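Data first, discussion second: the structure below is written as structure tokens.
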Amino acid sequence: MRLALLPLVALVAAFAPQGEELAARKERWSDLLALDLPREVLAELELQVSAGAPLARDGEALALLSSATFATHEPAFESAWKLLEGRDVEESTRAALELERARLLVESDQLARALVALLERPEAREPRFAARPESWLLAGRAWFRSGEPVRGAPFLARFVELAPRDREASSALHLLAQEALARGDGATAQACVRRAEELSRWHALWKVRARQVHEKPAEALPRIGLAQLWLQAGDTKRARVQLQALLAQHARSAQGWFLLGESQRMDGDLERALGSYSRALDSEPTHLLALHNRGTIQRLAGRLAEARADFERVVDGPRGAEGPALPAHLALARTLAALGENEAAQRRYARYVELGGREPLAEARR
Amino acid sequence: MHQAPRLALLALLGTACSPTTVPTAAVGDLRDEAAERGLAHRNRSGEAAKATVLEANGPGVALLDLGRDGDLDLVFSDGVGGLAELLAGPGADLILYENDGRGQFRRLPGPGLAGWWTGLATGDVDGDGDTDLVAGGFGGLAVLLQDERGTLVARGDLLAGEPGRRLVPGAPREPGRAPLWVTSLALLDADRDGTLDLYAGCYLELDPLRPPLRELGEGALAVPCSWKGYEVFCGPHGMTPQPDRFYRGLGDGTFQDESVRALPGHVASYALALAPFDLEGDGDTDLYVANDSVANLLLVNDGRGVFTDVAYSAGVALSMDGRGEAGMGVAFGDVDRDGDLDFALTNFSGEPTSLYFHNARGFSNETFRFGLQRESSPLLSWSVHLEDFDGDGELELFTANGHVYPQADLANTGTRYLQPDTLWRLRASGDERQLERVRPADERSVLAPPSGSRGSAVGDVDGDGAPDLVIARIDAPPALGINRFPRTNRLVVRCEGPRATEALDRDVPLRSPTDASGTRVELVPAGSDTRPIVRAVATGQGFQSASASELYFGLGAQREYVELSIRWPSGRVERLGPGKAGRRITLREGRGIVKDEALP
């Protein structure tokens with residue numbers, strides 16, 4: 001059996017990912033676990049962490065395989081624990097391995113052992129591997145499950161500070177809300193619940209969209225939805241990963257180019273954003289938001305004639321009277337005023353007010 | 001280098017956090033005697049492949065006295081071979097068995113219902129002193145009154161006025177209309193008028209003509225119905241939940257839908273199980289609702305039958321990690337013997353059976369301190385009981401187990417389709433928590449075979465004073481666990497409220513229901529351990545099932561009790577005792593013990 005495996009391991013080693021590609025793979029495996037697809041992680045990782053394989057000493061990869069094993073094997077704890085036993089890993093990935101051990105202890109109700117693994121001393125206010133947010137999460141969770149919420153709360157609060165949008169952040173916030181309620185602090189509890197619910201909703205949507213992408217990677221709509229979610233979360237890098245994958249397959253997707261422009265605009269890269277909005281408009285010349293946003297960047301750059309042209313295309317276009325077009329009416333009026341065409345500016349502003357606009361024509365000084 | 005502090009930490013935390021799990025071999029437990037005692041039918045719940053969620057939930061069971069002969073008879077709910085068969089008719093009837101008084105059963109003709117039946121609830125809904133039945137189903141909610149001959153007579157269906165919600169097997173049906181899918185039911189006197197009301201837990205919208213198969217949604221945005229990467233039936237995620245219903249009992253066996261008044265702000269939530277109990281000890285009946293995959297409800301009664309959900313602030317809406325889990329069954333009992341009611345909640349595989357202790361603010365989640373997460377996570381558990389089967393005065397935790405997906409038997413799922421049922425002994429003293437799994441005494445134990453258990457009911461079917469256990473199993477015959485734990489001293493208490501025609505005493509402002517539903521009985525044992533043993537009359541616990549209304553007190557080696565304290569739903573409190581164990585006593589409100597029999 002071992003002899004038969006060797007060539008396969010060598011083959012795996014030859015194609016071993018490294019650097020950014022490896023990091024992306026790990027993120028993908030983590031996502032697959034969140035999507036309840038642990039068997040795919042097993043299938044992809046088992047060979048890569050076996051002795052002599054490229055990830056054999058990678059504690060992060062081992063931790064992911066352990067999580068997949070815990071979800072698919074019985075007895076769960078023993079199967080996963082055995083996998084980690086005696087593994088000598090690279091120092092840079094040791095924390096991930098140790099924290100996975102602690103997680104297994106927490107998930108198998110061995111709370112005292114988990115706390116020993118996580119804390120130097122019982123009264124420690126900082127866990128081992130404090131740079132890793134999950135160490136705070138695990139310590140907090142272990143204290144709560146031990147019936148010691150007051151001791152657990154500071155750890156969870158720090159976890160939420162370090163990883164405010166993590167998959168587990170809503171869980172931590174829920175526990176913090178419960179602890180606040182026990183103290184009679186309704187306001188804190190309410191704030192925690194609100195944030196927890198917002199995060200839960202976001203992650204539930206992410207799960208649906210990510211699963212749709214996983215099932216139908218060539219379809220445009222799921223990737224657009226996923227990119228929008230990442231933009232909503234302010235994570236332009238992850239949004240761009242989706243958009244680049246989308247545009248590689250659907251090069252004329254106006255919404256894809258528009259969202260790419262949005263991610264660039266959010267990063268302050270206005271020239272690239274301009275280019276992306278233009279690509280969106282190549283595919284869909286009446287794309288309202290692309291026109292508006294391109295016009296806005298042109299205006300900020302002092303290219304008033306170009307800005308005016310974009311805004312006019314919005315307000316004089318077939319959807320010019322619709323709600324989403326309203327800001328373009330004001331922007332056009334202000335652009336005209338900046339060009340010294342005051343009569344035209346007043347006329348456009350009057351139309352803006354007629355459509356329900358309330359902002360003054362003159363821009364507030366910043 | 002860190003060895004010394006680590007050891008110190010272990011010592012500090014050792015007692016507080018580490019549960020103790022001690023496997024033991026019982027000398028006798030709950031021996032399955034279903035076949036030789038005459039329980040022979042086989043449940044039908046769709047096809048083995050389970051293409052739709054309707055086929056996965058399976059049957060319930062009810063223990064009730066038909067014919068007022070003092071023994072417990074049996075009713076099982078049942079389904080048919082699939083949705084097509086249901087639509088074509090004639091549908092399934094309930095399955096009835098008559099007890100001969102010694103625990104031998106004879107099949108009786110059914111009451112003539114037609115449908116796919118799920119939840120059962122028992123209680124005296126017409127106030128005539130005998131026990132009636134309400135049966136819920138996929139498109140059915142039937143009230144059956146017991147007549148003077150002990151026959152259950154169907155008195156109409158509460159969905160009769162709602163053609164879309166009612167499913168009549170064999171009748172033409174339009175697509176796009178989902179029947180009301182009733183899961184568990186609870187009969188309780190919510191408004192304290194002395195008559196039983198009905199809470200119907202409801203599940204989800206499933207169009208029997210066009211059930212979703214393999215995926216939900218359409219086109220590019222369709223999402224496969226999958227579990228751990230295997231294709232499985234769709235639901236509940238992605239399907240529309242149905243709101244629960246509340247029916248006010250009118251006292252003559254009829255009910256009126258008062259959901260809007262009684263459940264203000266109610267959010268539809270895939271209900272699967274219910275447990276009525278007095279949460280705050282204020283004398284009215286509250287309700288815990290276990291929901292599938294979303295937040296559970298803790299409905300506090302304002303005393304007039306209007307319920308407000310306080311689950312979140314009480315700490316029992318979500319898992320400890322803040323996730324909606326798949327609540328499947330619920331049961332309450334005073335596990336730590338501090339005088340108030342705790343409860344257990346079963347969940348999906350990968351989620352623990354949870355144990356909550358009542359405290360000043362609400363509840364504390366004791367699951368992890370008992371070590372229940374590790375013990376129960378591989379199991380998908382349905383019905384649940386907190387009952388003193390071994391008669392030592394402490395409650396055991398029983399869960400009926402079995403997965404919903406036949407695909408659980410495929411590679412790398414971490415679980416199995418058929419699973420053994422489980423019984424744990426629980427000990428809670430101060431900070432110490434102990435969980436001890438009762439290993440099956442032999443292959444005849446109900447705890448031995450892997451099975452697809454769903455509903456279950458507790459009651460003394462053979463008249464020896466010890467609680468037995470009936471388990472309804474999906475696509476299989478039922479199990480009847482006859483209590484074979486070593487004999488201990490026991491007391492069986494039956495409670496009766498005043499007859500509907502009986503005038504109330506002047507000092508009692510409210511009328512208790514005739515079947516004494518909601519009565520709380522507290523027994524103080526003799527001897528050194530005088531912690532009270534608390535029981536409450538509530539038949540509807542577990543999953544889709546109804547247990548006997550009589551209360552079982554285990555006294556271990558003690559032959560006597562010091563006091564029995566009875567708090568009736570009317571608010572009247574009576575104190576009796578001291579008394580002897582080894583008896584089955586019947587208490588009538590205001591009249592003390594009206595019947596006293598020796599246990600065999």
Side-chain angles (χ1 to χ4, degrees), chain A residues 36-40 42 68-77 79 106-117 119-122 124 128 141-142 144-148 168 170-175 177-178 181-182 184 186 189 193 196 200 208-209 211-212 215-216 219-222 225, chain B residues 2 5-19 21 215 217 219-224 226-230 238 312-315 318-324 350 352 359 361-362 364-375 377-378 411-416 431 433 435:
Chain A
D36 186 31
L37 294 167
R39 293 188 304 118
E40 291 194 22
L42 281 184
T69 303
F70 190 79
T72 52
H73 286 59
E74 199 185 1
F77 171 79
S79 307
V106 171
E107 293 308 315
S108 58
D109 299 334
Q110 300 180 65
L111 302 174
R113 280 183 71 192
L115 285 164
V116 169
L119 305 175
E120 295 282 355
R121 309 174 309 280
R128 292 190 177 96
R141 207 171 253 175
F144 267 85
R145 291 185 182 191
S146 304
E148 301 260 17
E168 299 295 327
S170 63
S171 164
L173 285 162
H174 163 75
L175 287 168
Q178 291 294 322
L181 278 173
V193 169
S200 289
V208 172
R209 293 285 178 249
R211 189 64 203 265
Q212 288 165 339
E215 293 304 312
K216 294 175 180 167
E219 290 284 353
L221 273 179
Chain B
H2 304 302
R6 280 187 183 211
L7 287 173
L9 184 60
L10 263 179
L12 179 81
L13 298 166
T15 54
C17 303
S18 295
T21 307
E215 62 180 25
L221 298 180
V223 179
S226 89
W227 170 70
K228 299 202 176 186
Y230 290 116
Y312 194 86
S313 57
L318 304 169
S319 75
M320 189 172 236
D321 291 344
R323 297 187 179 88
N359 63 27
R361 185 179 73 84
S364 62
N365 189 331
E366 300 287 330
T367 308
F368 311 96
R369 300 177 72 194
F370 270 100
L372 256 175
Q373 156 122 327
R374 182 172 177 172
E375 283 274 310
S377 282
N412 290 337
T413 66
T415 185
R416 304 285 295 177
D431 270 346
R433 303 285 181 267
L435 184 75

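In this text the structure is predicted, and so the values were computed from the model without any measurement. All chains are named by letter (A, B, ...) in the order of the sequence lines, taking the proteins before the strands, and each is independently numbered beginning at 1.
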Minimum heavy-atom distance B/R369-A/G147, with the two atoms named:
CD-N, 4.2 Å
Does the A/R39 side chain pair with the main chain of B/G229, one donor and one acceptor, at a distance under 3.5 Å?
yes
Output for pair (B/M320 CE, A/S171 OG), nearest 0.5 Å, gives 10.0 Å
Roughly how far, to the nearest 0.5 Å, is the NE2 atom of A/H73 from the CG atom of B/N412?
5.0 Å
One option among A/V193, A/L37, A/L181 has the most heavy-atom pairs under 4.5 Å with chain B, and it is A/L181
Part of A/P222 lying under 4.5 Å from any heavy atom of chain B:
both
Just by modelled atom types, is the B/Y312 backbone N or O under 3.5 Å from a matching donor or acceptor in the A/Q178 side chain?
yes
Pick from A/E219, A/Q212, A/K216: which one has the most heavy-atom pairs with chain B under 4.5 Å?
A/Q212
Using non-hydrogen atoms only, which part of A/L42 is less than 4.5 Å away from chain B: side chain, backbone, both, or neither?
side chain
State, with a plain yes or no, whether a side-chain heavy atom of A/R141 is found less than 4.5 Å away from one of B/D321.
yes
Would you call A/R145-B/E366 a salt bridge at under 4.0 Å N-O?
no
Between CZ on residue A/F144 and OG on residue B/S364, distance to nearest 0.5 Å:
13.0 Å
Within a strict 4.5 Å, meaning less than it, do heavy atoms of the A/E215 and B/V223 side chains meet?
no
In chain order, what residues pass the ring-ring contact (aromatic ring centres under 6.0 Å, His included) check against A/F77, with sequence neighbours excluded?
A/W81
Between A/D36 and B/K228, does any side-chain N to carboxylate O distance fall below 4.0 Å?
no
Distance check, rounded to the nearest 0.5 Å: A/Q110 atom CD versus B/R374 atom CZ?
5.0 Å
Under 4.5 Å from a heavy atom of chain B, the part of A/E40 involved:
neither
Under the criterion side chain to side chain contact (heavy atoms under 4.5 Å, CB included), I'd like the reasoning laid out for A/R209 against B/L221: C-alpha separation, chi angles, the key distance, then a yes or no.
CA-CA 8 Å; A/R209 293 285 178 249; B/L221 298 180; 4.1 Å; yes
If we ignore angles and hydrogens, is there a donor and acceptor under 3.5 Å between the side chains of A/R211 and B/S226?
yes
Side chain from CB out, backbone as N, CA, C, O: work out which of these in A/A196 comes under 4.5 Å of a heavy atom of chain B, or both, or neither.
neither
Just wondering, do B/T413 and A/T72 contact through their side chains at under 4.5 Å, heavy atoms?
no
